[in-house]
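These notes concern the structure reproduced below.
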Number of protein chains: 2
Amino acid sequence: MNDDKGRPDLRINGERLVSSIKEMGSIGFDPETGGRTRLALSDADKKGRDLLCRWMHEEGLDVKIDQIGNIFGVREGTDPSELPVMMGSHIDTVRDAGMFDGVYGVFGGLEVIRTLNENKVRTRKPLALAAFTNEEGARFQPDMMGSLFYTGTVGLEELLSSKDENGLTAADELDRIGYRGSGTVRAGRYIELHIEQGPRLYAEGLPIGVVRGIQGLAWWAGEYCGESNHAGSTPMDMRKDALLGVAELAAEAEKLALRLGNGSVATMGKISPKPDIINIIPGKCSFTLDFRQFEKSLFEEGKGEIERLITACAEKRGLKYNFRKVAEAPAVVFDSGMVELAERVSARLGLASKRMVSGASHDAQFLSPFCPTVMIFVPSKDGRSHCPEEWTEAEDLENGCNVLLHSVLELV
Amino acid sequence: MNDDKGRPDLRINGERLVSSIKEMGSIGFDPETGGRTRLALSDADKKGRDLLCRWMHEEGLDVKIDQIGNIFGVREGTDPSELPVMMGSHIDTVRDAGMFDGVYGVFGGLEVIRTLNENKVRTRKPLALAAFTNEEGARFQPDMMGSLFYTGTVGLEELLSSKDENGLTAADELDRIGYRGSGTVRAGRYIELHIEQGPRLYAEGLPIGVVRGIQGLAWWAGEYCGESNHAGSTPMDMRKDALLGVAELAAEAEKLALRLGNGSVATMGKISPKPDIINIIPGKCSFTLDFRQFEKSLFEEGKGEIERLITACAEKRGLKYNFRKVAEAPAVVFDSGMVELAERVSARLGLASKRMVSGASHDAQFLSPFCPTVMIFVPSKDGRSHCPEEWTEAEDLENGCNVLLHSVLELV
């Protein structure tokens, strides 16, 4: 029964999917902001986990919790020697989040299982559904805690000792909410359904994005140092204005991203002059830069150019400077067979798809070196995410979930 | 004896001048920062006032305090029908200030009086020495409180009701330190000795600056509004990055000042993006701009151009914007006869002088419409001021004070 062609008319129940997402979206809801807050390992996160586990049990899944609190539900296959095909994402949120980020991937997977169950579809391989702990990192750092542990990227002790701003450790909070376990489920394939969190599909009116990988990312923090001086009595040609140096760096970083093209993005998110007074020339100015690019050679070129620009914009004005790279993650390339599968399925369902690169990080990027992985994106209205305005139409949710269903059917 | 040519060899006592400035500089001194803090109407300001009044009395001056706490000391002339020639400045400071700002003008005037007294020089007109209250505005706003009241520019009640950050009013603090008086002294001429607080004299190796006026000044505060978005998943061509708009505005304001020339200065002192996170495109960014120019037509042109740039840099990127002018003061042109007098005296003393415009505000600019006024500048090392590093060499202090002496001798 692992031949999708045997069940070409099978479709998920869109209303049930939306209803499940809404029920989860009521947990941690704040009527004042219109958002919901389920920070990892909080009481609201526990409520969400309890709901997910209840529904997993209702579908007859074998539920396992691992040492970092990742939740796995396994639907048996006919061949117990096969590794499961895993679907999943996360159910924790940032503060005042939308309904869909993370939740869509988990409850989309649940909807696939519900659909198989009610249609009595048996599969050769087992099917697993995962909810990874603390993807957002809004309370405990690092983010992606669950998938980092699952893939052995970061050690358990380091993750469990992470403290929130009140000094509570992840270990204590896991124990408190009753989600420190000892089981695990190994994945043979991983497929994550997610909202795009960007504007491209929505702007182009496309229902499906097939994600071929995650951009490489590099972050810098730096400071320019010139001379604070009186804004009235210091002639223009005798200034060492640190803010002007950083302003030029922001403009040059934008030009660089446009020149490199191919999806390059560069962003100055923070800028802070000192002394920050209306009539004083800023003697110091700190900044951050974020650069992302998928293609390895362009990523390397861009990183080098960013550091050259940081140096050049300072030296041009006689400013001292210091900077350091505060984060770097190479691009992740998803399995080409998985990418082609999702494209083929979309086409068969009559859904136009776009092969794209994810600008944001996801659990899938850590699963990718571990097993063949792909992500399926659906449109985000106006590209908004991590805010109450985050929105995806029911039709798009249903379409993406059907692509997940039929992709899974070809794999199991 | 009001003929300077009768006392061409008279010189002030440079050592006594420096020693007096140093004694005042010990009041409010903080050995940790190396600066001194005598905020207006504080205990330290009272100590400084007490020292000044004691020295005024020792020189036989008739000391009067007015309703805002301005201190005047009058040395009689032989013709009681004449208005006094007034010297002066202020003795309050910013936080962690240098020794010279304000103090040099007051104690330079005191040194002139000491020199006349010890040389038994009588004058036809009276000579007055003024220390104006709260020039700096570091504790109570507005700054220039003493000269604003003295010249009737701002009403007494408004000034006295000004509160510091602890809610104490200027009236209460004046009473507490015992410097609310009811006297006054009208000035016939005003001459203010001051450090340049800019780099020009020092850079050019010139001992004397004769100030022909104060630049016109205009300040704006504004905000650009675009869209906050994910720094990874938002393509460059779909962004409305408010920080980039403001960065370009900073660069354009610099270009404008350079293009207008003739001493034009433009400064962005504050910039603040929101949400101010490394991986979020700033959806909002606030800023300030400071523009100054002495020539009226260029000042008008510059103000118009600044507002055009604020609009253009926002519209270019599809950003919404709002801004308002938060301060404006027209240029002040000092009396040409007073300017020529100070130049003539400098030349006679063998001191090279430069006719210049003050970039900073001073009490003199409010006295100027009230009576013929001029300022004499001496070099500031590296243009530093309002900091512990503020420095002027003893020789420069002595030279400036001799120019004051002989300018006064020609006027009295």
Side-chain angles (χ1 to χ4, degrees), chain A residues 196-200 203 215 217 219 221 227-238 241 243-244 246-251 254 257-258 263-273 275-282 285 288-290 292 326-327 358-361 382-387, chain B residues 196-200 203 215 217 219 221 227-238 241 243-244 246-251 254 257-258 263-273 275-282 285 288-290 292 326-327 358-361 382-387:
Chain A
E196 183 194 338
Q197 301 184 278
R200 288 170 293 181
Q215 286 180 325
L217 166 160
W219 288 355
E227 281 171 15
S228 284
N229 250 322
H230 195 292
S233 56
T234 313
M236 295 307 286
D237 61 353
M238 299 179 81
D241 185 326
L243 188 153
L244 280 178
V246 175
E248 189 163 1
L249 176 61
E254 181 192 34
L258 291 169
S264 297
V265 284
T267 309
M268 183 175 285
K270 301 177 77 163
I271 178 171
S272 178
D276 198 33
I277 294 174
I278 193 168
N279 60 342
I280 307 279
I281 300 161
C285 192
T288 63
L289 281 172
D290 170 312
R292 308 194 195 197
V326 293
S358 171
S361 299
D382 295 325
R384 305 294 299 273
S385 183
H386 281 191
C387 57
Chain B
E196 183 194 340
Q197 301 184 278
R200 289 169 293 183
Q215 287 180 323
L217 165 161
W219 288 355
E227 282 171 16
S228 284
N229 250 322
H230 195 293
S233 55
T234 314
M236 296 307 288
D237 62 353
M238 298 179 80
D241 185 327
L243 188 155
L244 280 178
V246 176
E248 189 164 357
L249 177 61
E254 182 192 33
L258 291 169
S264 297
V265 285
T267 308
M268 184 175 285
K270 301 177 78 164
I271 178 172
S272 178
D276 198 33
I277 294 173
I278 193 168
N279 59 341
I280 307 279
I281 299 162
C285 192
T288 63
L289 281 172
D290 170 313
R292 307 194 196 198
V326 293
S358 172
S361 299
D382 295 325
R384 305 295 299 274
S385 183
H386 281 191
C387 57

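Lettering of chains follows the sequences in order, A, B, ..., and the numbering in each one begins at 1. The figures that follow rest on heavy atoms only: side chains count, while hydrogens, waters and symmetry mates do not.
Among A/T267, A/I278, A/N279, A/I280, the residue with the largest count of heavy-atom pairs under 4.5 Å with chain B is A/I278. Counting heavy-atom pairs closer than 4.5 Å to chain B, the top residue among A/R292, A/E196, A/E227 is A/R292. For the set A/T288, A/V265, A/D290, the entry with the most heavy-atom pairs within less than 4.5 Å of chain B is A/V265. Per-residue heavy-atom pair counts under 4.5 Å with chain B were compared for A/A257, A/S361, A/A360, and the maximum is reached by A/A360. Among B/A231, B/G383, B/C285, the residue making the largest number of heavy-atom pairs under 4.5 Å with chain A is B/A231. The residue among A/A327, A/S358, A/A266 with the most heavy atom pairs within less than 4.5 Å of chain B is A/A266.
Heavy-atom minimum distance, A/P199 versus B/T234: CD-CA, 4.0 Å. The two residues B/D276 and A/I271 make their nearest non-hydrogen contact at OD1-N, 3.9 Å. Pairing each heavy atom of B/G232 with each of A/Q215, the nearest pair is O-OE1, 3.2 Å. Nearest heavy-atom pair across A/Q197 and B/S233 is O-OG, 2.7 Å. Minimum heavy-atom separation, B/A203 to A/M238: CB-CE, 3.4 Å.
Applying the side-chain contact (heavy atoms from CB on, under 4.5 Å) test to B/E254 and every residue at least two apart in sequence or in another chain returns A/M236, A/L244, A/R317, B/L258.
Taking 4.5 Å as the limit, every side-chain heavy atom of A/S385 sits out of range of all side-chain heavy atoms of B/H230.
Contact of B/A250 with chain A is made through backbone and side chain together, with heavy-atom distances under 4.5 Å. B/V246 does not touch chain A: none of its heavy atoms, backbone or side chain, sits under 4.5 Å away.
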